[in-house]
Amino acid sequence: MLEFNRWFVEQGHHDLYPNSKLPEKKIAVLTCMDTRLVELLPAALNFKNGDIKIIKNAGGIISHPFGSVMRSLLIAIYSLNVEDILVISHYGCSVQGMDASKLMPKILERGITQERIDFVKSCGVDLENWLKGFNCVEESVRETVSAIKNHPLIPANVNAYGFIMDPETGRLDPVRE
Ligand SMILES: [Zn+2]
């Protein structure tokens with residue numbers, strides 16, 4: 001990776017990627033970390049370097065109203081002039097139907113002791129709920145859009161829209177409220 005990076009810089013390939021800290025299109029995208037969307041999502045929506053802010057996590061969700069995703073969105077709005085937020089989930093998401101009880105044996109298998117798990121739980125963390133996936137992708141997108149729109153620190157003139165992308169074709173389906 002580092003070898004490639006040296007070559008990339010030496011060749012001046014960065015010139016192909018226009019630079020701007022402020023998003024040209026005044027859009028922030030919240031989406032899933034799915035590998036299939038890495039290049040497909042921006043390509044399918046004609047987003048180039050410098051156009052948008054992009055926030056990714058497992059499922060493209062907001063798991064806490066004062067967690068890192070909302071924090072990033074607030075910074076995008078108040079520091080970086082974002083006016084529209086697009087929540088883009090996708091069909092066939094691994095987070096859909098994810099069952100925390102199935103993750104627990106894998107966590108133990110990797111050498112995390114039951115004592116440590118119990119310690120985390122004793123600190124008040126509802127691990128099962130925290131690691132749980134969503135059941136319905138449309139419902140998840142609606143909930144996320146609603147969490148943004150109804151957040152006490154989101155200004156009224158910032159809009160949020162929900163979509164689901166087909167990770168094979170890049171087709172974008174709007175999610176009606
Ligand atoms: Zn996903």
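Excluded from the calculations below are hydrogen atoms, water molecules and symmetry mates; all remaining heavy atoms, backbone and side chain alike, are included.
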**Student:** Checking Asp99 side chain against Leu103 main chain: does a donor-acceptor pair fall under 3.5 Å?
**Tutor:**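 The answer is no, because no donor-acceptor pair under 3.5 Å joins these two groups.
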**Student:** Quick one: are Cys93 and Val137 in side-chain contact, heavy atoms under 4.5 Å?
**Tutor:** no
**Student:** To the nearest 0.5 Å, what is the distance between CG on Asn57 and CG on Leu30?
**Tutor:** 6.0 Å
**Student:** Less than 4.5 Å apart, any side-chain heavy atom of Gln96 and any of Tyr91?
**Tutor:**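 Counting from C-beta outward, Gln96 and Tyr91 never come under 4.5 Å.
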**Student:** For the residue pair Val82 and Pro23, what are the closest heavy atoms and their distance?
**Tutor:**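 In terms of heavy atoms, the two residues are closest at CG2-CG, 3.8 Å.
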**Student:** Return yes when atom CD of Gln11 has more than 12 non-hydrogen atoms of other residues, nucleotides or ligands closer than 6.0 Å, and no otherwise.
**Tutor:**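 Counting neighbours around CD of Gln11, more than 12 heavy atoms of other residues, nucleotides or ligands fall under 6.0 Å, so yes.
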**Student:** For Thr31 and Ile88, indicate whether the former's side chain and the latter's backbone hold a donor-acceptor pair under 3.5 Å.
**Tutor:**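 It does hold such a pair.
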**Student:** Within this structure, what is the NZ-CG distance for the pair Lys48 and Asp51, rounded to the nearest 0.5 Å?
**Tutor:**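 That separation rounds to 7.5 Å.
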**Student:** Closest approach of Ser72 and Ile55, non-hydrogen atoms and distance?
**Tutor:** CB-CD1, 3.8 Å
**Student:** Could you verify whether a donor N or O on one side chain and an acceptor N or O on the other, from Gln114 and Asp118, lie under 3.5 Å apart?
**Tutor:**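 Their side chains do contain a donor-acceptor pair, which is all the 3.5 Å distance test asks for.
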**Student:** Check Glu168 with Arg36, please: is the shortest side-chain N to carboxylate O separation under 4.0 Å?
**Tutor:**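 Answer for the salt bridge query: yes.
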**Student:** Are the charged groups of Glu3 and Arg6 less than 4.0 angstrom apart, N to O?
**Tutor:** no
**Student:** When you compare the side chain of Tyr161 with that of Val175, does any pair of heavy atoms fall below 4.5 Å?
**Tutor:** no
**Student:** Can you tell me if Asn5 uses its side chain to pair, donor with acceptor, with the backbone of Met1 under 3.5 Å?
**Tutor:** no
**Student:** Can you check whether Lys56 reaches Ile54 side chain to side chain, under 4.5 Å on heavy atoms?
**Tutor:** yes
**Student:** Short question: side chain of Arg171, backbone of Met165 - any donor-acceptor pair under 3.5 Å?
**Tutor:** no
**Student:** If you group Ile, Leu, Val, Met, Phe, Trp and Tyr by side-chain heavy-atom gaps below 4.5 Å, do Leu153 and Ile77 land in one group?
**Tutor:** yes
**Student:** Has Lys53 got a side-chain atom pairing as donor or acceptor with Lys21's backbone, closer than 3.5 angstrom?
**Tutor:** yes
**Student:** So how far is it from Ile52 CD1 to Ser20 OG, rounded to the nearest 0.5 Å?
**Tutor:** 12.5 Å
**Student:** Answer yes if the ring centres of Phe66 and His151 are under 6.0 angstrom apart, and no otherwise.
**Tutor:**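 Yes, the ring centres sit under 6.0 Å apart.
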**Student:** Between Thr144 (side chain) and Ser140 (backbone), is there a donor-acceptor pair under 3.5 Å?
**Tutor:** yes
**Student:** May I ask you to test the Val158-Asp84 pair for a side-chain heavy-atom distance under 4.5 Å?
**Tutor:** no
**Student:** Drop me the distance from Met70's CE to Ile75's CD1, to the nearest 0.5 angstrom.
**Tutor:**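 Those atoms lie 11.0 Å apart.
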**Student:** If only atom types and distance count, is the side chain of Ser146 paired as donor or acceptor with the main-chain N or O of Arg142 below 3.5 Å?
**Tutor:**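 No, the answer is negative, given that no donor and acceptor are paired below the 3.5 Å cut-off.
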**Student:** Is there a side-chain contact between Glu139 and Phe134, using heavy atoms and a 4.5 Å cut-off?
**Tutor:** no
**Student:** Is a side-chain donor or acceptor of Thr113 paired with a backbone partner of Arg116 at a separation under 3.5 angstrom?
**Tutor:**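 Checking the backbone N and O of Arg116 against the side chain of Thr113, a donor-acceptor pair under 3.5 Å is found.
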**Student:** With a 4.5 Å heavy-atom cut-off, do Ile112 and Leu108 have their side chains touching?
**Tutor:**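 No. Closest side-chain heavy atoms not under 4.5 Å.
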**Student:** Under the 3.5 angstrom rule, does the side chain of Glu128 hit a backbone N or O of Ala100 as a donor-acceptor pair?
**Tutor:**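 Not a single qualifying donor-acceptor pair exists.
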**Student:** What are the two closest heavy atoms between Cys32 and Gly59, and how far apart are they?
**Tutor:**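 Nearest pair, atom of Cys32 first, then Gly59: SG-N, 3.3 Å.
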**Student:** According to a 4.5 Å side-chain heavy-atom criterion applied to Ile, Leu, Val, Met, Phe, Trp and Tyr, with indirect links allowed, do Tyr17 and Leu40 form part of one hydrophobic cluster?
**Tutor:** no
**Student:** In Å and rounded to the nearest 0.5 Å, what is the CD1 to CG distance from Ile62 to Leu73?
**Tutor:**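 These two atoms lie 5.5 Å from each other.
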**Student:** Rounded to the nearest 0.5 Å, what's the gap from CD1 on Ile148 to CD1 on Ile85? Could you check?
**Tutor:**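 The CD1 atom of Ile148 sits 5.0 Å away from the CD1 atom of Ile85.
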**Student:** Any salt bridge linking Lys25 with Glu83? Criterion: basic side-chain nitrogen under 4.0 Å from a carboxylate oxygen.
**Tutor:**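 Result for this pair is no, no salt bridge flagged.
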**Student:** May I ask whether Met98 and Ile61 are part of the same hydrophobic cluster, defined by side-chain heavy atoms of I, L, V, M, F, W, Y residues being less than 4.5 angstrom apart, directly or through others?
**Tutor:**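 Not linked; separate clusters.
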**Student:** If hydrophobic clusters are built by linking Ile, Leu, Val, Met, Phe, Trp and Tyr wherever their side-chain heavy atoms come under 4.5 Å apart, do Leu86 and Ile164 end up in the same one?
**Tutor:**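 No, it is not one cluster - the side chains of Leu86 and Ile164 are not joined through contacts under 4.5 Å.
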**Student:** Do Val141 and Leu172 belong to the same hydrophobic cluster, where Ile, Leu, Val, Met, Phe, Trp and Tyr are linked whenever their side-chain heavy atoms lie under 4.5 Å apart, directly or via other members?
**Tutor:** no
**Student:** For the side chain of Asn81 and the backbone of Lys26, is there at least one donor-acceptor N/O pair under 3.5 Å apart?
**Tutor:** no
